[in-house]
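Since we're looking at a predicted model, the values are computed, not measured.
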Amino acid sequence: MEAGFDGVELHAAFGYLPNQFLSESANLRTDEYGGSIENRNRFVLETMHELVTAIGSDKVGIKLSPTVYCNNIENSDPEAQFKPLIEALNTLPLSYIHLMNGMLPLDNYPNYPKNGIETFGSISKHLVIANAGFNKETGEAELEKGIAKIIAYGSLSLPIQICQEDLNYMQSSINLIMQ
């Protein structure tokens, strides 16, 4: 904040460390930060509490991608995982919750809600920023629903590029090792 920033967003999406704690496919811990949904949510909630304490009320937001699978981050039941998380986040004085809609086909993920903004944004007491896959018309339609107050544009292909870049990097590394 001393550098002139207005706030901080915890990026708990797309396989970043906080997202790994939330994911049963990545979080294999057996301590108080792994196992149950409550335990997997603990790291994010403790981090958010510390950020609010350090930065101040209404200057902290969080980005979540409950219906995005990428980098081996998957949940068998995103609603069971993320609804209690968002309900717990409701008790903190956050500036917003930035929700990512699913950006990849969900055909093989029948337990994933088709519209993450409606499913998860509707339980948030904070301002909701909706992101992923919106154009001018669909963004305006999403705003008309009344859940999201802001539409973020510009990241339509980012997770796909990141995953593809990771795969390319891993393949290059394997090729170098094999030579």
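The nearest pair of heavy atoms linking Phe14 to Ser65 is N-OG, 3.1 Å. Looking at every heavy atom in both residues, Ala13 comes nearest to Leu64 through CB-C, 3.9 Å. Minimum heavy-atom separation, Leu143 to Ala148: CD2-O, 3.3 Å. Across every non-hydrogen atom of Ser23 and Ser25, the tightest pair is OG-OG, 2.8 Å. Here the closest heavy-atom approach between residue Pro78 and residue Pro66 is recorded as CB-O, 3.4 Å. Smallest separation of non-hydrogen atoms from Thr138 and Gly133: OG1-O, 4.0 Å.
By the rule that hydrophobic residues join a cluster once side-chain heavy atoms approach within less than 4.5 Å of another member, Tyr33 and Leu17 end up as members of one cluster. Hydrophobic clustering, with ILVMFWY side chains joined whenever heavy atoms are under 4.5 angstrom apart, groups Leu45 together with Val52. Follow the hydrophobic side-chain contacts under 4.5 Å out from Ile117 and you never reach Ile129; the two are in separate clusters.
The list of ring pair (Phe, Tyr, Trp, His ring centres under 6.0 Å) pairs with a residue in residues 86-105, not counting sequence neighbours, is empty. Within the structure, the salt bridge (Lys or Arg N to Asp or Glu O under 4.0 Å) test picks out the following pairs touching residues 13-40 (sequence neighbours left out): Arg29-Asp31. Among residue pairs with one or both ends in residues 103-112, those qualifying as side-chain hydrogen bond (donor to acceptor under 3.5 Å, both in side chains) are Glu74-Tyr109; sequence neighbours excluded. Among residue pairs with one or both ends in residues 41-52, none qualify as salt bridge (Lys or Arg N to Asp or Glu O under 4.0 Å); sequence neighbours excluded. Within the structure, salt bridge (Lys or Arg N to Asp or Glu O under 4.0 Å) pairs that include any residue of residues 109-118 comprise Glu118-Lys145 (at least two apart or interchain).
Here the CG atom belonging to Leu99 is positioned 10.5 Å from the NZ atom belonging to Lys63, to the nearest 0.5 angstrom. One finds the CG atom of Asn27 at 8.5 Å from the CG atom of Asn39 (value rounded to the nearest 0.5 Å). Residue Phe82 holds its CZ atom at 11.0 Å from CG of Asp77, rounded to the nearest 0.5 Å. Considering CG of Asn41 and CE of Met48, their distance stands at 12.5 Å, rounded to 0.5 Å.
Proximity of Ile62 to Val44: side-chain heavy atoms (C-beta onward) are separated by under 4.5 Å at one or more points. With contacts defined as side-chain heavy-atom distances shorter than 4.5 Å, the pair Phe120/Thr67 qualifies. By the 4.5 Å heavy-atom criterion applied to side chains, Pro18 and Thr47 are not counted as neighbours. Put simply, the side chain of Phe134 reaches to within 4.5 Å of the side chain of Asn101, judged on heavy atoms.
Qualifying ring pair (Phe, Tyr, Trp, His ring centres under 6.0 Å) partners for Phe21, counting only residues two or more places apart in sequence or in other chains: Phe43. For Asn75, there are no side chain to side chain donor-acceptor pair (under 3.5 Å) partners two or more places apart in sequence or in a different chain. By the side chain to side chain contact (heavy atoms under 4.5 Å, CB included) test, Ile55 pairs with Met1, Val8, Lys59, Val60, sequence neighbours left out. Residues passing the ring pair (Phe, Tyr, Trp, His ring centres under 6.0 Å) test with His11, sequence neighbours excluded: Tyr16. Qualifying salt bridge (Lys or Arg N to Asp or Glu O under 4.0 Å) partners for Glu79, counting only residues two or more places apart in sequence or in other chains: Lys83.
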Tabulate below the donor-acceptor pairs under 3.5 Å that side-chain atoms of residues 85-94 make, not counting sequence neighbours, or state none.
residue: Asn90; atom: OD1; partner: Lys125; partner atom: N; Å: 2.8
residue: Asn90; atom: ND2; partner: Ile123; partner atom: O; Å: 2.8
residue: Thr91; atom: OG1; partner: Ala88; partner atom: O; Å: 2.6

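Counting side-chain heavy-atom gaps under 4.5 Å among Ile, Leu, Val, Met, Phe, Trp and Tyr, Leu28 is found in no cluster with other residues.
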